[in-house]
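Here, residue 1 is the first one in the sequence, and each next residue gets the next number. When reading the values below, keep in mind they use all heavy atoms of this one structure, side chains included, and skip hydrogens, waters and symmetry mates. Worth saying up front: this structure is predicted, and the values here are computed from it rather than measured.
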Amino acid sequence: MEKSYDVIVAGAGIAGSLAAAAAAKGGAKTLLLDRNTPVEPGKKTNWGWVCGDAVAKSHIDYIHKEIGISFGEPELELKVDGVFAISPDFKNKIQFDGEGYVLDRPKFGNKIRDIAIKMGAEYVNAHEVEGPLLEGNQVVGVFGRDHNKEQFKVNAKLVIDTLGIASTLRRKLPPNEFIQKDISIDDIESTGRYIVDFEPTGTDPDYYDAKNCLIHLNQELAPGGYGWVFPKRGNKVNIGLGVEKHSLDIRNAKLSKKDTLHSLIDQYIEWNPIVKNTKMNNEHNNAKGYWSVTVRRQLDCLVYNGYLGAGDSMAMPNPISAGGIGPAMVAGVQAGQVAAEAVANKRTDMEYLWKYNLMYNQSYGNKTAGLEVFRIYLQSLNNELINYGMAHFLTKEEAIQISYGQIPEITMGSAMTKVLHGVSNINAFRNLLFVVKEMKKLTEMYNNYPKDVAHFSAWSAAVNAEMAMVKEKFKPNPI
């Protein structure tokens with residue numbers, strides 16, 4: 001490892017490896033740092049690569065188009081036709097994502113790391129990044145500890161932060177009004193998953209489907225979140241759930257229980273009548289794991305002087321599905337491209353890097369505030385209201401529109417065509433109308449994302465005020 005680079009990418013997960021690949025391809029002298037062993041790039045914890053492993057085909061296609069990477073077996077472990085959300089009473093099933101893949105996450109991570117190296121990035125593992133090197137308000141490198149616990153410092157013209165939700169780089173930036181250092185616990189889901197081999201007991205595509213990813217909405221089983229059953233090759237499955245802390249506390253209090261994320265996952269597996277006789281599949285030491293995932297819009301600003309962030313470090317997972325692989329891919333490539341261009345033009349100030357905000361917002365980020373509003377609304381509904389809403393509030397076409405961040409035209413007049421029995425159902429529908437209006441408003445605000453640094457503060461204040469109002473109106477109410 002040399003003392004100075006054009007670009008340092010901290011963290012060799014999906015966003016980081018792709019950022020390093022794009023930056024190196026763009027001609028930047030690039031260093032990719034990771035704390036893990038050579039064959040475990042991007043591993044989150046000792047538990048492994050904790051995620052659902054699913055990604056849309058459109059994101060795989062995006063990577064191929066932008067930097068020429070092609071994927072296949074074994075890293076794309078299984079092709080799936082779509083993702084389906086199932087109501088608590090199993091009477092309604094809505095597709096909210098299309099064709100995609102379930103990854104062999106460790107093999108996928110190794111492939112994109114190897115591609116970054118092939119494109120010219122230098123890869124150094126077993127180095128824990130602890131913070132940014134600063135000269136005034138400019139990030140000029142990183143510091144940390146190597147495998148011997150000895151301190152290292154490396155300079156760079158630009159640093160790309162892909163260290164994840166608890167990023168030490170983001171949290172140690174100088175005080176500023178652009179990048180939030182901390183993320184509210186209200187915007188975080190605690191998640192866990194097992195990868196298991198199993199012996200199917202019968203067939204029921206509402207519990208297990210070898211061609212589709214399933215999401216179970218159930219506020220008693222997964223308060224404030226959902227359970228998932230994502231097929232892998234053979235009789236192997238990625239099964240888990242996510243919960244929101246306040247929702248879990250309310251649920252436990254009302255049901256006089258003391259469940260934890262761990263106990264709920266065990267109950268969820270036991271509840272599934274098809275996934276039986278399970279045995280942990282501990283290939284890559286990746287059988288069981290727990291992690292935290294953001295379920296909010298990405299951070300309002302993604303850049304600082306000498307600094308860009310991508311993936312979980314910038315709260316990029318989808319607010320409804322908590323899927324983080326797709327947005328990490330898009331952001332990683334874009335961050336690397338902008339970094340290489342900035343270095344070539346000798347402009348690493350925030351004003352020049354601002355184009356990355358605009359690129360990401362246009363390609364993915366402009367829909368996420370609206371999705372966050374819908375997520376907050378969903379967490380305010382109990383199972384009965386979710387069942388009724390999925391049956392009567394939205395057509396399947398409207399539900400699909402919302403899942404993609406599009407805003408359907410729903411009015412109070414359309415309630416005349418819906419069977420709204422009971423005050424709670426009428427109120428929930430009125431709230432849905434309010435939510436759709438807010439989704440439209442916030443999407444429009446993001447479509448008018450500030451074109452420069454000078455107009456950011458007023459825009460950000462308006463967005464945060466709007467979101468605070470939504471959170472005040474819709475409190476978690478799982479039971």
Side-chain angles (χ1 to χ4, degrees), residues 7-20 22-23 33 42 44 51 59 62 129 131-132 139 142 158-174 176-189 291-339 342 350 353-369 371-372 375 405 446 449-450 453 456 459-460 463-464 467:
V7 176
I8 292 175
V9 181
I14 287 174
S17 289
L18 289 171
L33 286 174
K44 292 180 178 179
C51 69
H59 292 126
Y62 176 87
V129 173
V139 175
V142 301
L158 267 176
V159 171
I160 300 177
D161 177 3
T162 57
L163 288 179
I165 185 174
S167 168
T168 53
L169 286 173
R170 185 191 73 239
R171 290 187 288 115
K172 292 181 180 179
L173 288 173
N176 70 88
E177 60 180 319
F178 299 99
I179 295 182
Q180 295 168 249
K181 294 187 177 183
D182 298 308
I183 297 171
S184 169
I185 193 171
D186 296 335
D187 296 326
I188 293 174
E189 292 267 325
W291 199 240
S292 296
V293 180
T294 58
V295 283
R296 52 157 287 164
R297 66 201 182 281
Q298 69 279 357
L299 299 189
D300 293 351
C301 178
L302 311 174
V303 302
Y304 190 65
N305 297 310
Y307 172 97
L308 306 92
D312 289 1
S313 66
M314 295 288 110
M316 288 181 171
N318 184 299
I320 290 182
S321 69
I325 293 176
M329 286 180 161
V330 173
V333 169
Q334 292 178 351
Q337 290 171 335
V338 171
M350 187 161 52
L353 299 177
W354 200 259
K355 63 178 64 181
Y356 171 53
N357 277 328
L358 300 175
M359 286 174 64
Y360 184 76
N361 184 64
Q362 183 177 13
S363 60
Y364 191 92
N366 57 2
K367 67 183 181 180
T368 58
L371 293 175
E372 181 180 356
R375 183 267 300 174
Y446 269 80
Y449 189 91
V453 176
F456 174 78
W459 176 88
S460 180
V463 168
N464 281 284
M467 200 64 72

Does a side-chain heavy-atom distance below 4.5 Å link Leu302 with Met316? yes

Separation between CD1 (Ile179) and CG (Asp161), nearest 0.5 Å, reads 8.0 Å

side-chain contact (heavy atoms from CB on, under 4.5 Å) with Asp186: which residues, sequence neighbours excluded? Ser184, Glu244, His246

Got a donor-acceptor contact below 3.5 angstrom from the Ser313 side chain to the Ser167 backbone? no

Side-chain heavy-atom pair Cys301, Phe456 within 4.5 angstrom cut-off: yes

Non-hydrogen side-chain atoms of Val293 and Ile165 separated by less than 4.5 Å: no

For a 4.5 angstrom cut-off between non-hydrogen side-chain atoms, does Asn464 reach Asp300? yes

Between Pro132 and Leu169 the two heavy atoms that sit nearest each other are N-CD2, 3.4 Å

Locate the shortest heavy-atom distance separating Leu308 from Ala335; write the atom from each residue and the value. CD2-O, 4.1 Å

Is it true that Arg375 and Asp187 make a salt bridge, defined as a side-chain N closer than 4.0 Å to a carboxylate O? yes

Return all side-chain donor-acceptor pairs below 3.5 angstrom for residues 7-19, not counting sequence neighbours, or 'none' if the list is empty.
from  : atom 1 : to    : atom 2 : distance (Å)
Ser17 : OG     : Ala12 : O      : 3.2
Ser17 : OG     : Gly13 : O      : 3.3

Identify each donor-acceptor pair in which a side-chain atom of residues 317-332 lies under 3.5 Å from a protein atom, sequence neighbours left out, and give them as a table.
from   : atom 1 : to     : atom 2 : distance (Å)
Asn318 : OD1    : Ile320 : N      : 2.8
Asn318 : OD1    : Ser321 : N      : 3.1
Asn318 : ND2    : Tyr364 : OH     : 3.4
Ser321 : OG     : Gly323 : N      : 3.1

Hey, could you give me the CD/CD distance between Gln334 and Gln362, rounded to the nearest 0.5 Å? 9.0 Å

Give me the atom names and distance for the closest heavy-atom approach of Leu353 to Ala342. CD2-CB, 3.8 Å

Has Arg170 got a side-chain atom pairing as donor or acceptor with Met314's backbone, closer than 3.5 angstrom? no

Donor-acceptor pair, distance only, cut-off 3.5 Å: does the side chain of Trp354 make one with the backbone of Pro450? yes

Do Thr294 and Asp312 have side-chain heavy atoms sitting under 4.5 Å apart? no

Output all residues satisfying side chain to side chain donor-acceptor pair (under 3.5 Å) with Tyr356, sequence neighbours left out; order by chain, then residue number. none

Under 6.0 Å between the ring centres of Phe178 and Tyr304? no

Just to verify, what does Asn361 make a side-chain contact (heavy atoms from CB on, under 4.5 Å) with, not counting sequence neighbours? Gln298, Asn366, Tyr446, Tyr449

Would you please test Met359 and Gln337 for side-chain contact (heavy atoms from CB on, under 4.5 Å) and show each step? CA-CA 11 Å; Met359 286 174 64; Gln337 290 171 335; 4.0 Å; yes

Under the rule for side chain to side chain donor-acceptor pair (under 3.5 Å), what residues qualify as partners of Glu372, not counting sequence neighbours? Arg297

